[in-house]
There are 2 protein chains.
Amino acid sequence: MEIRELRYFVAVAEELHFGKAAQRLGIAQPPLSRTIVQLERRLGTALLERNSRKVTLTEAGCVLLAEGRAILSAVTAAERRTQRAAAARPSLVLAVKSGTAGELLTKLLDAYAAEPGAATVELLLCEAHQHQRLLQDGQADVALLHLPFDSAAGLDTETLYTEGQVAVLPASHPLAGRSEVRMADVTALPKLPMARWPGPGGSYPEGPGAEVRNLTQLFQLIALGRTTAVIPESAGADLRRDLAAVPVLDAPPVTTVIAWPPHSRLRAVADLIRVATRL
Amino acid sequence: MEIRELRYFVAVAEELHFGKAAQRLGIAQPPLSRTIVQLERRLGTALLERNSRKVTLTEAGCVLLAEGRAILSAVTAAERRTQRAAAARPSLVLAVKSGTAGELLTKLLDAYAAEPGAATVELLLCEAHQHQRLLQDGQADVALLHLPFDSAAGLDTETLYTEGQVAVLPASHPLAGRSEVRMADVTALPKLPMARWPGPGGSYPEGPGAEVRNLTQLFQLIALGRTTAVIPESAGADLRRDLAAVPVLDAPPVTTVIAWPPHSRLRAVADLIRVATRL
DNA sequence: CGGATCGATATCGCTCGGGTATCGCTGCAC
DNA sequence: GTGCAGCGATACCCGAGCGATATCGATCCG
């Protein structure tokens, strides 16, 4: 199986239309048809059911689509990483959600910079749930992520620390004076529905709460009395005056981990991980 | 970058000799040289330093070797999985260490077989540390493994249960009568050194204890008074008469997890995981 | 029933992958 | 120091395979 064949197959499998796929690939349709037939012959399996009006995936095609996407991003990752490894100054891309892990991040960067032979660390600020893709297609070398919110599937991880969560409320809210609350107290506020964050697919779950993408948006909407949220302690550490944070006793604990692609062989990544676990 | 180029590069990078690599690939040496040059030009980077006596990897080449190996095994995995997905009877390969998780495994297989639309489950018995490779090159679809002994790097996992560990001793040994021991008690026995298991590379660590590969070997050597070992409770559940198991209070707990490649899209895998977590 | 749409097939030119022959450099033996 | 052996690079040739154009055949729609 060759990358070219895989690229062609993934295009057709995603478009479910030979003409459109060929256009997207920048080739004519006949060689595309022929390549797919050839791939099917090599594998000894039909990948697509097609009549002249409709193209659908077979069971086997479905599997190959998932595997093929992973392979294609692994290939672009390999290209990027190889080229960056050849750069004169060794550098390292660390992906973090904006506004995340403020203090930890500072300490980590300082401690790593003090290492002998430390590489330049570039920060890649990303939205929630993007870490995984960034690591898998080689745009980032390491990431800090928050379990169980972010998925670490297919990544190697090392736990840095675990913390509780706090409810963030308008300072004037009745619950804001409490020293602690429970999840039920917070989710049951009809006038203050919980904020909704985008899911792994980038779309928001159904619900009454406001749609937010980052902490700044969130805090503004809470201050306006439009929503509330339960977030990790450290993220609620230094709040605006008009907001209050109250520990939520029964909220699931949040674990901050450092994550990297499992076959990474960069010295800089290994160093950064070592420094991080010693903090 | 094409798979062919990657395959060629990995061969050269592993042999560090163009002639041998060409032989291994079943081609002549000149096209191999040319392909490597072409790959280097595409990436804009030297991958190998070569004079006419010696070939060495550059920094970039080192990175590409690691990435390339991962890609090549992903490709063979994709081929295998696609072909198996096309088979008439859906089937599923579950990798387990021989002698592992006896009771759990029985319950799991029974519960899954009772599911509607259950696939045939083939058991692939493997040696320690092989799970990861089997999953990554598509020889297995799911595995049961024991953290922290086995590595789950690059795999998705779900915890099934956690258990303590027991020391296995000859029944006649003074410690065998104790209701509990500590690690220090067991490791400090000069006449009964701890057994050594092969590491991830397949080689044994240095030490005085016996080298073992599976439980049968281990039990025999313990009965002969040649070695001792600390193993998970369940593995020491039904012992031969001449052996005794004593709980080790401060041994790290062992977690049995079910693991699968992160982009798996097989319904059968999803079903098995669901059944497993409900046990 | 006729036209439009879309995938498959036929055919052609050319690129590129693989082979053989040979060169040139390097380390080593004597 | 010189000759030789080992090894990678280069030159050149041939055939497979990739891509393009033209066309066919099936299906859906009005």
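Reminder, nothing fancy here: chain letters follow the sequence lines and each chain counts from 1. When reading the values below, keep in mind they use all heavy atoms of this one structure, side chains included, and skip hydrogens, waters and symmetry mates.
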- Message: Nearest heavy atom decides the nucleotide; on that basis, is B:Leu16 or A:Thr35 closer to the 5' end of DNA chain D?
- Response: B:Leu16
- Item | hbond_proxy A:Arg53 side chain to C:dG7 base (donor-acceptor, 3.5 Å cutoff) | no
- Are the charged groups of A:Arg7 and B:Glu2 less than 4.0 angstrom apart, N to O? yes
- When rounded to whole Å, the CG to P distance for the pair A:Leu32 and C:dC6 reads 14 Å
- Item | Exam field: side chain A:Glu158 to backbone A:Ile258, donor-acceptor pair closer than 3.5 Å | no
- Message: Between P on C:dG7 and CG on A:Leu25, what's the gap in Å once rounded to a whole number?
- Response: 13 Å
- Note on the structure: In whole angstroms, the gap separating P of D:dG6 from CD of B:Gln29 amounts to 15 Å
If you look only at distance, which donor and acceptor atoms sit under 3.5 Å apart when one is on a side chain in residues 83-96 of chain B and the other is two or more places apart or in another chain?
| from | atom 1 | to | atom 2 | distance (Å) |
| --- | --- | --- | --- | --- |
| B:Gln83 | NE2 | A:Leu43 | O | 3.2 |
| B:Arg84 | NH1 | B:Ser91 | OG | 3.1 |
| B:Arg84 | NH2 | B:Asp141 | OD2 | 2.3 |
| B:Arg89 | NE | B:Thr120 | OG1 | 3.2 |
| B:Arg89 | NH2 | B:Thr120 | OG1 | 3.1 |

- Query: Hey, is the side chain of A:Arg4 poking within less than 4.0 Å of OP1 or OP2 on D:dG19, counting only N and O atoms?
  - Reply: yes
- C:dA8 OP1/OP2 closer than 4.0 Å to side-chain N/O of A:Arg50: yes
- What nucleotide, of C:dG19, D:dG8, C:dA10, holds the atom closest to the side chain of B:Val55? D:dG8
- Looking at every strand, decide which applies to B:Val37 at a 4.0 Å heavy-atom threshold: base, sugar-phosphate, or nothing. nothing
- Item | Side-chain donor or acceptor of A:Arg80 paired with backbone N/O of A:Asp137 under 3.5 Å | yes
- Rounded to whole angstroms, how far apart are CZ on B:Phe18 and P on C:dC25? 18 Å
- Let me know the distance between CD of A:Gln23 and C1' of D:dA20, rounded to the nearest Å. 16 Å
- Message: Rounding to an integer number of Å, can you tell me how far B:Tyr8 OH sits from C:dG17 P?
- Response: 9 Å
- Message: Under 4.0 Å from OP1 or OP2 of D:dA9: is there any side-chain N or O of B:Ser33 that close?
- Response: yes
- Item | Distance test, side-chain N/O of B:Gln38 to OP1/OP2 of C:dG17, below 4.0 Å | yes
- Query: Could you give the CD1-to-P distance, from A:Ile27 to C:dT15, as a whole number of Å?
  - Reply: 18 Å
- Message: Without decimals, in angstroms, what is the distance between B:Arg7 CZ and C:dG17 P?
- Response: 14 Å
- Query: Can you check whether A:Leu48's main-chain N or O pairs, donor with acceptor, with A:Glu40's side chain at less than 3.5 Å?
  - Reply: yes
- Note on the structure: Contacts of A:Lys20 and B:Arg34 projected onto DNA chain C by closest heavy atom; the upstream (5') one is A:Lys20
